[in-house]
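A, B, ... follow the sequence lines: proteins, then strands. Residue 1 opens every chain.
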Amino acid sequence: MPPSSLLLALPLILPLLASGVLLCVRNLPESRRHAASILTCLLIVISAALLLARVSAEEILVLEVGSWPAPFGIVLVADLLSAIMLLVSAVIGLAVAVYAAGHGTARFRGYFPPVFLLLLLGVNGSFLTGDLFNLYVWFEVMLMASFVLVALPGGRLQLEAGVKYLTLNFIASTFFLVGLGVLYGMTGTLNMADLAVKFRMTEDMNLVASSAVLFLIAFGIKAGIFPFYFWLPSSYHVTPTPVAAVFAGLLTKVGVYACLRIFTLVYGNYQDLIGSILLPLGILTMVTGVFGAASQFFIPRILSFHIISQIGYMIVGIALFTEGALTATIFYIVHHILVKTNLFLVGGMISRKLDTQALDNTGGLYRTAPWLACLFLIPALSLGGIPPLSGFFAKFSLIREGVATGGWVFVFFASAVGLLTLYSMVKIWNEAFWKDLPDRWHPPHRRVPLTMAAPSCALALCTILIGVFPASLHDLAARAAAQIKDPDLYISRVLGTKTETTGTP
Amino acid sequence: MENLLPIVIGLLFGCGCYLVMRRNIVRVLLGIMLFGQAANLVIFTSAGLTPGEPPIIPAGETTITGDHADPLPQALVLTAIVIGFAVLAFALALVLRAYEKTGSDDLDTFRNSEN
């Protein structure tokens with residue numbers, strides 16, 4: 001097997017092996033378990049970085065699992081979009097693995113590493129697969145792990161949230177399966193590249209539209225798009241901080257990634273239809289999400305509603321469907337994953353300091369923990385879109401694209417939602433850091449261990465670096481967007497039909 | 001069969017919808033289970049029903065001859081059944097624990113995580 005193909009399999013093999021070993025070895029001390037999971041995450045980061053470098057040089061890598069040729073067998077495909085997503089999610093995985101080492105009850109800490117690695121396995125698999133049914137299977141791997149993580153602390157709130165989360169996501173999976181059935185009946189294949197070829201010839205718009213809407217509902221529930229997001233703010237905030245952080249950063253973005261992949265590759269020829277559905281949904285998602293955030297007074301709930309409103313921006317980016325808009329969307333996803341995870345981590349440190357995350361009872365942190373204030377400000381201002389942080393460039397390029405395509409409704413709402421986002425960040429700032437601590441509340445003011453602070457610092461550094469050097473990420477995103485906008489290369493690589501357009505062999 | 005199966009699928013989805021709307025959490029789970037079965041039948045039906053030979057290449061030949069069933073949807077449905085079974089098993093355990101903690105199987109009492 002050539003080493004480039006092995007590189008494709010590594011992000012799947014590493015977490016699978018490590019979590020399998022961790023589940024089998026029962027008597028391992030907790031610190032060793034965490035060390036193992038951190039080491040595995042580090043290896044995933046390295047392999048993802050190598051993969052990105054390789055993909056950046058060689059365009060698209062394909063691994064035919066079991067050596068069956070493409071439309072019949074299962075393929076793993078890495079183009080630039082997959083490689084970027086893999087690297088970012090690996091970085092988040094490493095940050096959260098370090099953070100989790102010092103967090104929560106003993107029961108939670110003991111079971112967290114193996115289940116967390118399984119979650120990363122599902123996420124990585126979703127990014128790499130080139131086959132729709134396999135995407136369903138990876139979704140289920142990811143969901144099973146996430147169900148366990150939600151319910152793991154075993155309190156009443158977590159169990160209630162787990163039931164809701166499981167029910168909604170299982171219904172989403174049903175929609176996905178029905179969509180798969182319709183597609184298979186239509187085309188006789190589920191390989192994405194093969195589907196893209198077959199879809200260019202199909203005349204049957206009814207079937208195209210019905211399967212597209214089924215997928216939209218399935219991914220919409222997972223991504224938290226407008227009418228389907230209500231499970232998200234009612235289940236994320238009761239989970240322990242590391243779980244909430246990794247969910248916030250990665251799980252909804254897997255839904256967005258699936259939208260981005262399928263609606264550009266498979267349904268690329270029907271962009272008018274898809275765009276006309278996605279654009280209003282995206283705008284409604286933005287607006288309802290940010291109003292939800294503005295009305296809340298509990299830090300994780302504010303942040304959960306923010307996820308929704310930011311998802312709206314990405315969906316609008318997909319709906320606009322120009323190369324610039326897709327570039328902005330990819331940039332936005334990367335920025336958002338880093339920033340949102342970091343905000344949840346900071347929320348966890350506030351709760352460590354003050355024993356609460358309800359804004360009524362917080363206060364005075366600016367005086368008692370100025371470094372924490374600094375750590376909060378960087379992702380918060382970035383989320384609000386203040387230059388020169390990463391969020392500014394993400395929002396700016398998306399809005400510029402809106403102006404260029406004449407989507408004035410979107411430009412208006414995007415600006416307004418940006419202001420409201422900033423308002424709710426200022427609310428957290430005022431209540432938790434600026435005002436005095438209320439007299440009735442006597443928090444323990446525990447020390448925050450280094451394992452909790454360090455990942456947050458690292459993520460903040462990433463945000464600043466993107467803000468200082470936006471051009472390098474923007475160029476990478478632009479190349480990824482060019483690849484998904486024009487999927488001929490992807491198709492020819494996967495199906496093995498060498499065309500003249502392919503550069504390096 | 002091709003006319004009967006869509007009716008069955010519709011019935012399953014209808015019953016599933018009815019059950020999912022209930023307040024009793026076990027019924028909601030049963031409804032979800034019916035959804036899963038209906039989705040499996042959709043894949044099975046939409047791929048086309050071919051009453052004929054099993055897709056086995058006879059000894060001495062290199063390709064399949066004559067009318068044969070498509071094996072892929074069956075593999076897909078089989079995978080989906082296994083995954084659905086796993087999720088359902090986990091869901092039942094979760095619901096049992098939630099019932100022990102809250103002392104109720106009524107979804108209206110599951111409001112604490114909302115605020």
Heavy-atom proximity to chain B below 4.5 Å, by part of Val141(A):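 Val141(A) has no heavy atom closer than 4.5 Å to chain B.
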Minimal non-hydrogen separation, [X] against [Y], with atom names:
X: Val163(A); Y: Leu94(B); answer: N-CD2, 3.7 Å
X: Arg156(A); Y: Lys101(B); answer: N-CD, 4.2 Å
X: Ser46(B); Y: Gly181(A); answer: OG-O, 2.5 Å
X: Thr102(B); Y: Glu160(A); answer: CG2-OE2, 3.6 Å

When Phe175(A), Phe176(A), Phe147(A) are compared by non-hydrogen pairs under 4.5 Å with chain B, the top option: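 Looking at each option in turn, the highest pair count goes to Phe147(A).
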Greatest number of heavy atom pairs closer than 4.5 Å to chain B - which of Leu183(A), Thr167(A), Leu180(A):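 That would be Thr167(A).
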Value rounded to 0.5 Å, distance of OG1 in Thr174(A) from CE in Met33(B):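 Reported to 0.5 Å precision, the distance equals 12.0 Å.
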Residue pairs fulfilling salt bridge (charged side-chain N to carboxylate O under 4.0 Å, His left out) with at least one residue in residues 181-196 of chain A, sequence neighbours excluded: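 For residues 181-196 of chain A, and leaving out neighbouring residues, the salt bridge (charged side-chain N to carboxylate O under 4.0 Å, His left out) pairs sorted by first residue read Asp194(A)-Lys198(A).
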Within 6.0 angstrom of Phe298(A) CZ, more than 12 heavy atoms from elsewhere: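 Enclosed.
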Heavy atoms of other groups near Met205(A) CE, more than 12 under 6.0 Å: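 Counting other residues, nucleotides and ligands, CE of Met205(A) exceeds 12 neighbours.
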Contact winner vs chain A - Phe90(B), Phe44(B), Phe35(B), heavy-atom pairs under 4.5 Å: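 Going by pairs under 4.5 Å, I would pick Phe90(B).
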Counterpart residues, side-chain contact (heavy atoms from CB on, under 4.5 Å), relative to Thr79(B) (two or more places apart):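 side-chain contact (heavy atoms from CB on, under 4.5 Å) list for Thr79(B), sorted by chain: Phe133(A), Val137(A), Ile83(B).
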Set of residues satisfying side-chain contact (heavy atoms from CB on, under 4.5 Å) with respect to Val42(B), sequence neighbours excluded: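 Partners of Val42(B) under the side-chain contact (heavy atoms from CB on, under 4.5 Å) test: Val178(A), Ile9(B), Phe13(B).
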Inter-chain contacts: residues 207-219 of chain A against chain B, heavy atoms under 4.5 Å: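 Within residues 207-219 of chain A, no residue comes under 4.5 Å of chain B, counting heavy atoms only.
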Leu177(A) side chain near Ile43(B) side chain, heavy-atom distance below 4.5 Å: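 Yes, their side chains come closer than 4.5 Å.
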Trace of the side-chain contact (heavy atoms from CB on, under 4.5 Å) decision for Leu76(B) with Leu190(A): CA-CA 10 Å; Leu76(B) 300 184; Leu190(A) 287 174; 3.5 Å; yes
Residue part contacting chain A, namely of Val87(B), when any heavy atom lies under 4.5 Å: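 Both the backbone and the side chain of Val87(B) come within 4.5 Å of chain A.
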